[in-house]
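It should be emphasised that the depicted structure is a prediction, and the values quoted were computed from it without experimental measurement.
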Amino acid sequence: MTDNSGVNKRKNKNFVINNRSILKQYALKNYEIFGQGIIVVNLLLLDSKNLDEFHLSDDDLIDAEEQTVHQLISYIPQLNFWFKMISLKIKKKYQIDIQAEDHSHNKFLIVFIKDPSIENFSIYSLKIESS
């Protein structure tokens, strides 16, 4: 059996690179509305490499409590149940406490979920340059 983790990491990194500007706009817009949070990409629902067709616009904003990992792409605010759940899993897997770290609007965490139980996932940091 071959290990596909290298291929998956490269695919996720390419996804972030190819969609950097859309993800940045999405992160900043949601940060202004909901405050600190993380972006979650559910790879189980993703069948395209480009976000242009998903129209991550203001019309698609969902209440902070309604944000869930069961959407293709979601912004999970810090006070949301899923933020706490993902935070615990990141702390266990990577020994990173995202609740204790200072995440400002200049840096966002992107979590790629690879299974329904959120046991297999990867994280990326998206830095947004100050203007």
Donor-acceptor check, side chain of [X] to backbone of [Y], threshold 3.5 angstrom: yes or no?
| X | Y | answer |
| --- | --- | --- |
| Tyr75 | Ala27 | no |
| Asn42 | Val69 | yes |
| Ser74 | Ile76 | no |

Would you say [X] and [Y] make side-chain contact, with heavy atoms under 4.5 Å?
| X | Y | result |
| --- | --- | --- |
| Val41 | Ile113 | no |
| Lys127 | Phe108 | no |
| Phe112 | Val16 | yes |
| Leu46 | Phe15 | yes |
| Val111 | Ile39 | no |
| Leu126 | Arg20 | yes |
| Ile73 | Tyr26 | yes |
| Val40 | Phe121 | no |

Q: Could you walk me through whether Tyr124 and Leu109 pass side chain to side chain contact (heavy atoms under 4.5 Å, CB included), step by step?
A: CA-CA 6 Å; Tyr124 289 89; Leu109 190 65; over 6 Å; no
Do [X] and [Y] share a hydrophobic cluster, counting only Ile, Leu, Val, Met, Phe, Trp and Tyr and linking them when any side-chain heavy atoms are less than 4.5 Å apart?
| X | Y | value |
| --- | --- | --- |
| Leu88 | Phe81 | no |
| Leu44 | Ile86 | no |
| Leu23 | Ile33 | yes |
| Tyr94 | Met85 | yes |
| Ile110 | Leu28 | yes |

Q. Mind checking what makes salt bridge (Lys or Arg N to Asp or Glu O under 4.0 Å) contact with Lys24, not counting sequence neighbours?
A.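 Expected list: Glu129.
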Q. Sequence neighbours excluded, which residues qualify as salt bridge (Lys or Arg N to Asp or Glu O under 4.0 Å) partners of Lys84?
A.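 Applying salt bridge (Lys or Arg N to Asp or Glu O under 4.0 Å) to Lys84 gives none.
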Interatomic distance, [X] atom [atom1] to [Y] atom [atom2] [nearest 0.5 angstrom]:
| X | Y | atom1 | atom2 | answer |
| --- | --- | --- | --- | --- |
| Lys11 | Leu43 | NZ | CG | 7.5 Å |
| Asn30 | Ile38 | CG | CD1 | 12.5 Å |
| Ile98 | Gln78 | CD1 | CD | 8.0 Å |

Quick one: side-chain hydrogen bond (donor to acceptor under 3.5 Å, both in side chains) partners of [X], sequence neighbours excluded?
| X | answer |
| --- | --- |
| Ser125 | none |
| Asn12 | Ser122 |
| Asp115 | Ser117, Asn120 |
| Glu119 | Lys89 |

Q.
Which heavy atom of Ser87 sits nearest to which heavy atom of Asp97, and what is that distance?
A.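 Result for this residue pair: OG-OD1, 4.4 Å.
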(Q) Would you say NZ of Lys91 has more than 12 non-hydrogen atoms from neighbouring residues, nucleotides or ligands within 6.0 angstrom? (A)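 Open: at most 12 neighbouring heavy atoms sit under 6.0 Å from NZ of Lys91.
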